[in-house]
Amino acid sequence: MTSTLSPDTPAARSCLAVVLAAGEGTRMKSEKPKVLHHVANRSLLGHVLATLTEAGATQVAVVIGPDREDVEKEALARLPEARIFVQRERLGTGHAVLSAREALSDRLDDVIVAYADTPLVTVETFAKLRAPLAEGAAVVVMAFEARDPTGYGRLVMAGDQLLAIREHKDASEAERAITLCNGGLMAIRGDVALSLLERIGNHNAKGEYYLTDIVEIAREAGHRTAVAVVPEEEVHGVNDRAQLAAAERMIQERLRQAAMTAGVTLVAPETVFLSHDTRLGQDVIVEPNVVFGPGVTVEPGAVIHSFSHLEKTRIASGAEIGPFARLRPGAVIGPKAKVGNFVELKNTELGVGAKVNHLTYLGDTRVGAATNIGAGTITCNYDGYSKYKTEIGEGAFIGSNSSLVAPLTIGDGAFVGSSSVITEDVPSDALALGRSRQVVKEGWAAEFRAKAKAAKGK
Ligand code: UD1
Ligand code: CA
């Protein structure tokens with residue numbers, strides 16, 4: 001068959017991705033649909049949508065089950081331009097794809113079918129699936145060598161030609177011996193996709209409309225079909241919590257590898273947990289047992305010591321965090337600043353070289369450059385109803401064990417005596433004491449002991 005397509009590159013071709021997200025997920029034993037469960041702090045659906053976008057999908061259709069506003073909401077939050085289609089009845093993968101008929105009839109150059117519960121497929125794999133379409137193939141199937149092919153559709157090949165996909169339940173003994181299997185993803189040429197999909201019937205062991213029948217249908221119509229072989233890892237689907245944990249493990253492994261390749265030292269990579277969006281600069285050092293929640297950026301050369309937990313935080317070059325630090329949303333750590341052990345910061349900015357070294361909570365606070373916050377300092381930023389701000393200037397010194405009752409402003413170069421409760425603003429270069437004056441009674445202890453001994457008769 002000769003191709004009527006222009007010999008353009010896959011990247012220049014328009015592409016509709018149809019994402020099947022109507023999974024039941026009963027084996028998850030969850031109130032939540034399975035595609036909303038997270039790995040690396042992003043939903044399975046979110047991962048697939050991000051990969052498809054990066055892979056050059058120009059349009060994305062998400063097929064969801066009936067009454068699944070939660071899935072729709074997540075899809076639109078991750079990709080506002082996604083089009084949502086509802087599969088009213090679960091009649092099989094072929095039927096699910098056809099639920100997006102309206103999008104398919106736009107006849108973009110390529111159609112990709114992806115599963116929302118299969119989050120490990122890479123951008124490169126989508127490119128590999130699409131490439132043969134540009135050379136005229138009508139259907140390309142993502143294939144893998146299965147260690148255990150039970151349950152998967154078997155790929156019936158003649159040389160490098162794909163003849164058919166036989167579902168496990170419909171396969172003969174000989175076909176069941178085949179280990180090259182269908183990973184589920186498929187690329188279909190957009191000009192023929194709708195007409196091929198519409199010819200799929202449901203005469204099989206499950207009585208379902210099998211997407212996989214499109215291979216034989218395409219061949220009968222004289223089209224060429226192909227496979228793109230990928231590592232088994234990418235095919236990994238999530239149906240239960242153990243598979244969810246396995247997906248997490250594999251994604252963490254990839255994120256750690258990418259960080260190390262980019263010049264980050266992970267002293268014990270297997271103990272560091274990253275988020276899909278963690279950004280670590282060159283020469284950042286991360287000690288063992290650090291957890292990066294979503295939204296963390298660490299600039300080059302900063303050090304994160306052991307057992308620290310960070311989320312929605314920005315850390316500048318040369319800063320040092322931890323051990324045992326907790327940086328909550330809105331923590332912004334300036335260059336060369338230090339945050340030590342058992343320190344919690346929320347919505348708090350530290351200026352250049354500021355130090356908060358021990359046992360401290362700062363919330364809704366701005367700390368100027370080179371200011372030292374003593375051990376045990378607490379900002380009292382919340383009265384049970386509202387939050388209040390604390391502003392501390394540059395070069396100030398807050399004595400240990402002080403309570404700073406917000407709203408409060410402490411000027412540049414000011415001193416706060418230790419154990420103070422500060423309720424009023426402190427001007428620049430002043431000393432503030434908010435504690436009772438010390439009383440010393442000469443000889444009191446000796447007198448006390450003498451009396452006490454006499455009373456006990458010793
Ligand atoms: C499918 C393939 C099989 C392949 C395997 C890889 C078919 C017929 N079979 O089998 O060749 O080896 O995936 O994992 O395609 N879905 C819907 N609506 C439906 C049915 C399914 O949205 O009516 C979604 C599911 O939520 C899931 C995906 O499509 O995300 C695959 O469906 P599933 O029933 O799990 O197919 P398998 O039997 O695993
Ligand atoms: Ca499946």
Side-chain angles (χ1 to χ4, degrees), residues 305 308 313 315-316 318-452:
H305 295 290
S308 294
T313 287
I315 297 162
E320 262 189 70
I321 308 298
F324 297 100
R326 178 166 185 214
L327 301 190
R328 293 174 54 203
V332 179
I333 312 303
K336 299 197 170 75
K338 276 188 165 184
V339 177
N341 42 255
F342 308 109
V343 170
E344 174 181 344
L345 303 184
K346 199 217 73 187
N347 193 25
T348 286
E349 261 176 66
L350 300 188
V352 182
K355 289 185 197 153
V356 189
N357 273 336
H358 338 263
L359 299 154
T360 289
Y361 168 67
L362 302 181
D364 306 306
T365 299
R366 229 167 48 203
V367 178
T371 283
N372 187 84
I373 306 287
T377 299
I378 303 287
T379 53
C380 311
N381 61 321
Y382 184 52
D383 60 10
Y385 297 93
S386 304
K387 303 265 170 72
Y388 302 95
K389 287 194 161 56
T390 301
E391 294 267 354
I392 305 173
E394 298 186 1
F397 188 95
I398 309 299
S400 297
N401 202 33
S402 293
S403 300
L404 308 179
V405 182
L408 186 67
T409 301
I410 296 174
D412 293 343
F415 255 68
V416 167
S418 63
S419 281
S420 288
V421 177
I422 300 294
T423 54
E424 283 163 36
D425 290 354
V426 182
S428 294
D429 295 319
L431 166 67
L433 297 166
R435 62 189 193 215
S436 49
R437 185 172 280 279
Q438 182 172 326
V439 176
V440 176
K441 298 186 176 175
E442 289 285 350
W444 183 93
E447 252 174 59
F448 166 78
R449 276 193 297 273
K451 271 193 212 156

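Atom set for the values below is all heavy atoms of this structure, side chains included, hydrogens, waters and symmetry mates excluded.
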* Going by distance alone, is a donor N or O of one side chain under 3.5 Å from an acceptor N or O of the other, for Asp383 and Tyr388? -> yes
* Asked: Judged by atom type as modelled, is there a donor-acceptor pair below 3.5 Å linking the side chain of Asp425 to the main-chain atoms of Thr409?
  -> yes
* Taking all non-hydrogen atoms of both residues into account, name the closest pair between Ala432 and Ser420 and its distance. => O-OG, 3.9 Å
* Asked: Between Tyr382 and Tyr385, which heavy-atom pair has the shortest distance, and what is it?
  -> CE1-N, 3.7 Å
* Asked: Does the side chain of Ile392 reach to within under 4.5 Å of the side chain of Thr365, using non-hydrogen atoms?
  -> yes
* Do you know which two heavy atoms are closest between Val416 and Ser402, and how far apart they sit? -> CG1-OG, 3.7 Å
* Structure fact -> Looking only at heavy atoms, the pair that brings Gly434 and Ile422 closest together is N-CD1, 4.3 Å
* Backbone N or O of Asp412 within a donor-acceptor pair of the Ser428 side chain at under 3.5 Å? -> yes
* 4.5 Å side-chain heavy-atom contact, Ile373 and Val343 -> no
* To do: Evaluate the side-chain proximity of Asp364 to Thr379: yes if any heavy-atom separation is below 4.5 Å, no if none is.
  => no
* When rounded to the nearest 0.5 angstrom, what is the spacing between CZ in Arg435 and OG in Ser403? -> 13.0 Å
* Asked: Are side-chain heavy atoms of Arg328 and Glu344 found at a separation under 4.5 Å?
  -> yes
* To do: Can you measure from CZ (Phe415) to CG (Asp429) and round to the nearest 0.5 angstrom?
  => 10.0 Å
* About how many Å separate OG of Ser400 and CG of Asn372, when rounded to the nearest 0.5 Å? -> 8.0 Å
* **Ile321 side, atom CD1; Arg326 side, atom CZ - distance, nearest 0.5 Å** => 14.5 Å
* **Whether over 12 other heavy atoms sit under 6.0 Å from Lys346 NZ** => yes
* Structure fact -> Checking Val367, Leu362, Val332 against Glu349 for side chain to side chain contact (heavy atoms under 4.5 Å, CB included), the one that qualifies is Val332
* **Heavy-atom side-chain proximity of Leu350 to Leu345 below 4.5 angstrom** => yes
* To do: Dump the intermediate steps for side chain to side chain contact (heavy atoms under 4.5 Å, CB included) on Thr390 and Asn381, then the final yes or no.
  => CA-CA 8 Å; Thr390 301; Asn381 61 321; 5.5 Å; no
* To do: Write down the atom of Thr371, the atom of Gly393, and the distance for their closest heavy-atom approach.
  => OG1-O, 2.7 Å
* Between CD1 of Ile398 and CD1 of Ile378, what distance do you get to the nearest 0.5 Å? -> 13.0 Å
* So how far is it from Arg366 CZ to Asn347 CG, rounded to the nearest 0.5 Å? -> 11.0 Å
* Structure fact -> Closest non-hydrogen atoms of Pro427 and Ala414, given as atom of the first, atom of the second and distance, are O-CB, 3.6 Å
* **Side-chain heavy-atom pair Ile333, Val339 within 4.5 angstrom cut-off** => yes
* Asked: Are any of the side-chain heavy atoms of Asn401 and Ser418 separated by less than 4.5 Å?
  -> no
